[in-house]
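Read through the structure below, which is laid out as structure tokens, and then see the notes.
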Amino acid sequence: MTATHPVTRFAPSPSGHLHVGGARTALFSWAFAKGRGGKFIIRIEDTDQKRSSDAASVGFLKDLEWLGIRWDEGPEYTAPDGSRVGGGPNGSYFQSERLEIYNRYCQKLIDEGKAYEAWDSAEELEAMRKEATAQKVAFRYRFRGPVSAEDRARFIAEGRQAVVRFRSGEVAVTIKDEVLGDATLPAGEVDDFVIRKKDGFPTYHFAVVVDDELMGVTHVLRAQEHFTNTAKHMLLQDALGFRRPVYGHLSIIKNPDDSKMSKRDKDKVLRKAVKEKGLATPPAGTVTAEEWARWIGDDNVQLDLEGAIRLAEALKVQLPEINVDDFRRSGYLPEVLCNFLALNGWSPGHDIEKFDNEFLKERFGLDRVMKTPAKFDRVKLLAFNTDAITGMKPEDFARRCREHARQFRADFLARLDDARFALLMTACQERSKTLDDPFKSNGFLLVADGALAFSDDKNVRKALGIGAAPEAGPTGLAHLRAMRGVLAGISEWTQAALEAAATDYSNAHAGGKIGALAQPLRIAVSGSTVSPPIWDTLVLVGRESALARIDRCVAWASELR
RNA sequence: GGCCCCAUCGUCUAGCCUGGUCUAGGACACCUCCCUUUCACGGAGGUAACGAGGGUUCGAAUCCCUCUGGGGUCACCA
């Protein structure tokens, strides 16, 4: 590959979910390569045996696909539309399946005297670190002299295993970075780091350097936490005679409170709520006692998503969206998420801020990437999503909501016939900020007439005229009683007929103020003062249910004082 | 703590490289008013930033230094 055809890669450790920070890195890497006629590769960095690597380990691939980020090489994946991505000539794209390759290069380094076996135990290393801390210097591992053949044999007999360390040499290293600029680490900063672990697996530093070379990676975009590591990678590249990719380190994405956006944030919110409420046992139907105990006992333990959602509902707290999948569940559009993610850390200039991935691909470059960390502003994301939904063709909105419902709101699909579902869509589009809003805010459509709870709040009382002075005229409740009769006698249960009948009534009895009876009706059929337009709502609920609900509401409200 | 990096409205950012056109632009949020059968949408205005201090210069948001603040990293995790 020449410089005109760059190769980028996204190389996460295995995970079932794609974090927004990772999504942005992937998006930028994809845009950079694809906008220049190059290739985008995905590689799984699963060299840590302690982290499980079951089938769910590449669950995040579906998130990438959903965002519209396709890879030219990498794990094989079949998209929901049946198209296949992945594969490629440089496999395996799982590092755990490339051990012999790493070993070959590792051995080469040992043979050339550029790396060596180190037999220190964890305790010995710990002691050395303590010593360094006591002397207030940073711990740097250095070659401790050759190990004699007898010692080596003894270590092996004892069952000890060696790691392989890279002999870094005490040289200053200048990190070249297209985003942050160049930085020089003084001599001695890089120590003799481990390149092969006791278990025979390569460390990240070693595997990443070997794979980037073998896969022809020309440009590496990764999280800023790797910035200093780059020195190690450069030293390794020199020792191995490898080419050096161009590096660009991306700043982190932060929460509004300045903390780093983390997958643990959900648990953080839940723990806080539990603490505030002084809960000692899990609310019924949320998580099992064992899960609860494990979770409470260790702040590093994360609840599984379903359990976390149930607990959040029970505690009445809102879980923060962290993963791409969370935003999907909340009804955000993938193109909006991409747009917004790109805006966190990059901008095309000229006051342009709404764009699609095609535009990103054409315009993205490292020179306009921000060096500073960005706070993830969900409010602005929501505004972007709202704009996109408002501008959507009604048929597209309906189609995408239906798809969303299939995944996350199956009960609506089951309960509403096609005509009503379609009406719900048209009634909701202009007031929806997400694909989930039509469902989230219209739960009253699913409850049985006899189970609808009326909200006893200020707005409801005002609309119903509870406690109003008699001389103020007929109350909302009185209008509701009267409208019950009007509605029962209506010939056709359509928006037009309902509105006409209500208008007649309001002209005759409410001074032409339709709101005087629309609000009580809304309360009666939906339980609160908020719903889609009232005539749509009445049609959605249906005549029989509407009348039944009005009766119940009248009975309920008559008891209010 | 050592090493490295960074610094424009509350937030995301434009401008900085190639000093003057910047009494610093846009977007989201916020405030006011209008529209309105609820909620939301929409319309019209408005508040709001160059972290501090020194230089360089006729002139600095833009160049240099110091301070302050923030971030990253110092694993047999990636």
Side-chain angles (χ1 to χ4, degrees), chain A residues 11-14 45-48 50-51 95 118 120 122 125 129 132-133 136-141 161-165 175 177 179-186 188-191 193-205 207-208 222-229 231 249 251-252 254 256 258 260 340 343-354 367-368 370-384 386-387 390 428-433 437 441 459 463 499 502 506 513-519 521-523 526 528-535 537:
Chain A
S13 47
E45 313 237 309
D46 55 349
T47 55
D48 184 359
K50 286 192 280 291
R51 296 195 197 182
Q95 291 186 327
D120 315 84
L125 285 171
R129 276 197 194 94
T133 310
K136 289 187 180 147
V137 294
F139 173 64
R140 301 277 183 262
Y141 190 99
Q161 286 166 305
V163 298
V164 175
R165 285 181 181 270
I175 299 169
D177 186 296
V179 172
L180 297 177
D182 299 349
T184 301
L185 259 43
E189 269 303 303
V190 181
D191 71 351
F193 56 95
V194 173
I195 59 174
R196 185 170 63 196
K197 298 181 264 189
K198 219 159 48 177
D199 62 8
F201 275 58
T203 58
Y204 163 74
H205 304 301
V208 82
R222 56 180 12 170
Q224 201 181 37
E225 65 204 70
H226 292 300
F227 183 68
T228 320
N229 289 334
H249 290 91
S251 60
I252 59 162
K254 297 194 291 180
D258 266 336
K260 185 174 170 180
F340 189 71
L343 235 32
N344 273 250
W346 180 79
S347 99
H350 306 291
D351 292 337
I352 299 170
E353 57 173 12
K354 297 285 181 68
D367 53 329
R368 294 188 69 91
M370 280 283 132
K371 300 178 182 194
T372 47
K375 280 184 209 179
F376 196 83
D377 184 357
R378 291 159 211 282
V379 180
K380 184 161 179 175
L381 204 216
L382 225 211
F384 272 36
T386 307
D387 288 349
T390 306
C428 288
Q429 181 169 2
E430 69 173 12
R431 70 204 73 242
S432 289
K433 296 172 190 285
D437 280 0
S441 50
N459 291 338
E499 184 169 5
S506 105
K513 287 173 70 178
I514 213 113
L517 52 103
Q519 279 305 80
L521 279 173
R522 196 185 306 281
I523 293 161
S526 79
S528 82
T529 51
V530 178
S531 87
I534 185 60
W535 320 125
T537 303

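Naming: A, B, ... by sequence-line order, numbering from 1 per chain.
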How is A:D120 classified with respect to the nucleic acid when contacts are heavy atoms under 4.0 Å: base, sugar-phosphate, or nothing?
base

Tell me whether the side-chain N or O atoms of A:R431 pair up with the base of B:C41 as donor and acceptor below 3.5 Å, since no angle test is needed here.
no

Span that lies between the C1' atom of B:G69 and that of B:U36, in whole angstrom:
48 Å

Phosphate-side-chain proximity, A:R368 and B:G15, N/O vs OP1/OP2 below 4.0 Å
yes

Across all strands, who's sitting opposite B:A14 as a Watson-Crick or G-U wobble pair, both distances under 3.5 Å?
none

Applying the 3.5 Å cut-off to both distances, the Watson-Crick or G-U partner of B:A24 turns out to be none

Let's test this: given Watson-Crick or G-U wobble pairing with both distances under 3.5 Å, identify the partner of B:C30.
B:G46

Watson-Crick/G-U partner (both atom distances under 3.5 Å) of B:G19:
none

Taking the P atom of each, how far is B:A27 from B:C17, in whole Å?
26 Å

Base, sugar-phosphate, or nothing for A:T47, non-hydrogen atoms under 4.0 angstrom?
sugar-phosphate

Checking all strands, does A:R196 fall into the base, sugar-phosphate, or nothing category for heavy-atom contacts under 4.0 angstrom?
nothing

Nearest 0.5 angstrom please: A:E189 CD to A:T228 OG1, how far?
9.0 Å

So for A:K380 and B:A27, does any side-chain atom that can act as donor or acceptor lie under 3.5 Å from a complementary atom in the base?
yes

Hey, does A:D191 reach any base, or is it just sugar-phosphate, or nothing, if we go heavy atoms under 4.0 Å?
nothing

Can you tell me how far apart NE2 (A:H226) and NE2 (A:H205) are? Round to the nearest 0.5 Å.
9.0 Å

Please lay out, stage by stage, how A:L382 and A:R378 fare under the test side-chain contact (heavy atoms from CB on, under 4.5 Å).
CA-CA 6 Å; A:L382 225 211; A:R378 291 159 211 282; over 6 Å; no

A:R368 side chain vs A:W346 backbone, donor-acceptor pair below 3.5 Å
no

Expressed in whole Å, how much space separates the P atoms belonging to B:A40 and B:C31?
12 Å

Under 4.0 angstrom between A:K433 side-chain N/O and B:C41 OP1 or OP2:
yes

Taking any strand in view, what nucleotide pairs with B:U56 in a Watson-Crick or G-U wobble way, both distances under 3.5 Å?
none

Looking at every strand, decide which applies to A:K513 at a 4.0 Å heavy-atom threshold: base, sugar-phosphate, or nothing.
nothing

Rounded to whole angstrom, note down the C1' distance from B:C9 over to B:A49.
4 Å

Do A:Y141 and A:D120 have side-chain N/O donor and acceptor atoms under 3.5 Å apart?
yes

NA contact type, A:H249, heavy-atom cut-off 4.0 Å: base, sugar-phosphate, or nothing?
nothing

B:C58 versus B:G19 - spacing of their C1' atoms, nearest Å
12 Å

Is the shortest side-chain N/O distance from A:S531 to OP1 or OP2 of B:U38 below 4.0 Å?
no

Conformer about C1'-N of B:C34 - syn within 90° of 0, anti elsewhere
anti

When both hydrogen-bonding distances must be under 3.5 Å and the geometry is Watson-Crick or G-U wobble, what is B:C35 paired with, if anything?
none

Categorize A:T184 for me: base, sugar-phosphate, or nothing, with a 4.0 angstrom heavy-atom threshold over every strand shown.
sugar-phosphate

Please work out if A:P12 contacts a base, only the sugar-phosphate, or nothing of the nucleic acid, heavy-atom cut-off 4.0 Å.
nothing

Base-pairing assignment for B:G69 (Watson-Crick or G-U wobble, both under 3.5 Å)
B:C6

Base, sugar-phosphate or nothing for A:Q224? Non-hydrogen atoms, less than 4.0 Å.
sugar-phosphate

Report which part of the nucleic acid A:I523 touches: base, sugar-phosphate, or nothing (heavy-atom distance under 4.0 Å, all strands).
nothing

Does A:K375 reach a base, just sugar-phosphate, or nothing at all? Heavy atoms under 4.0 Å.
sugar-phosphate

Does A:K198 have a side-chain nitrogen or oxygen under 4.0 Å from the phosphate oxygens OP1 or OP2 of B:C76?
no

Could you check whether A:E45 gets within reach of a base, just the sugar-phosphate, or nothing at all, counting any heavy atom under 4.0 Å?
sugar-phosphate

First encountered from the 5' end of RNA chain B, between A:I514 and A:D351:
A:D351

Please check if the side chain of A:K197 supplies one atom and the backbone of A:T47 the other of a donor-acceptor pair under 3.5 Å.
yes

Suppose you measure atom P in B:G70 against the same atom in B:G25; what distance do you get, rounded to whole Å?
29 Å

Using the C1' atom on both, measure B:C76 against B:G71 and round to a whole Å.
27 Å

Should the heavy atoms of other residues, nucleotides or ligands under 6.0 Å from NZ of A:K513 be counted, would the total exceed 12?
no

Sugar-phosphate only, base, or nothing, as touched by A:V137 at under 4.0 Å among non-hydrogen atoms:
nothing

Backbone N or O of A:P533 within a donor-acceptor pair of the A:R522 side chain at under 3.5 Å?
no

Pick base, sugar-phosphate or nothing for A:G181, based on heavy-atom distances below 4.0 Å to the nucleic acid.
nothing

Which of these passes side-chain hydrogen bond (donor to acceptor under 3.5 Å, both in side chains) with A:H249: A:R222, A:Q224, A:K371?
A:R222

Residue matched to B:A78 through Watson-Crick or wobble contacts both under 3.5 angstrom:
none

Would you say A:R165 reaches B:C76's phosphate, i.e. side-chain N/O to OP1/OP2 under 4.0 Å?
yes

When you check the phosphate oxygens OP1 and OP2 of B:G71, does a side-chain N or O of A:K371 lie under 4.0 Å from one of them?
no

Using atom NE2 of A:H205 as one end and atom C1' of B:A75 as the other, report the distance to the nearest whole Å.
8 Å

Whole-Å C1' distance, B:C22 and B:G59:
13 Å

Quick one: on RNA chain B, does A:I534 or A:F139 contact a more 5' nucleotide (nearest heavy atom)?
A:I534

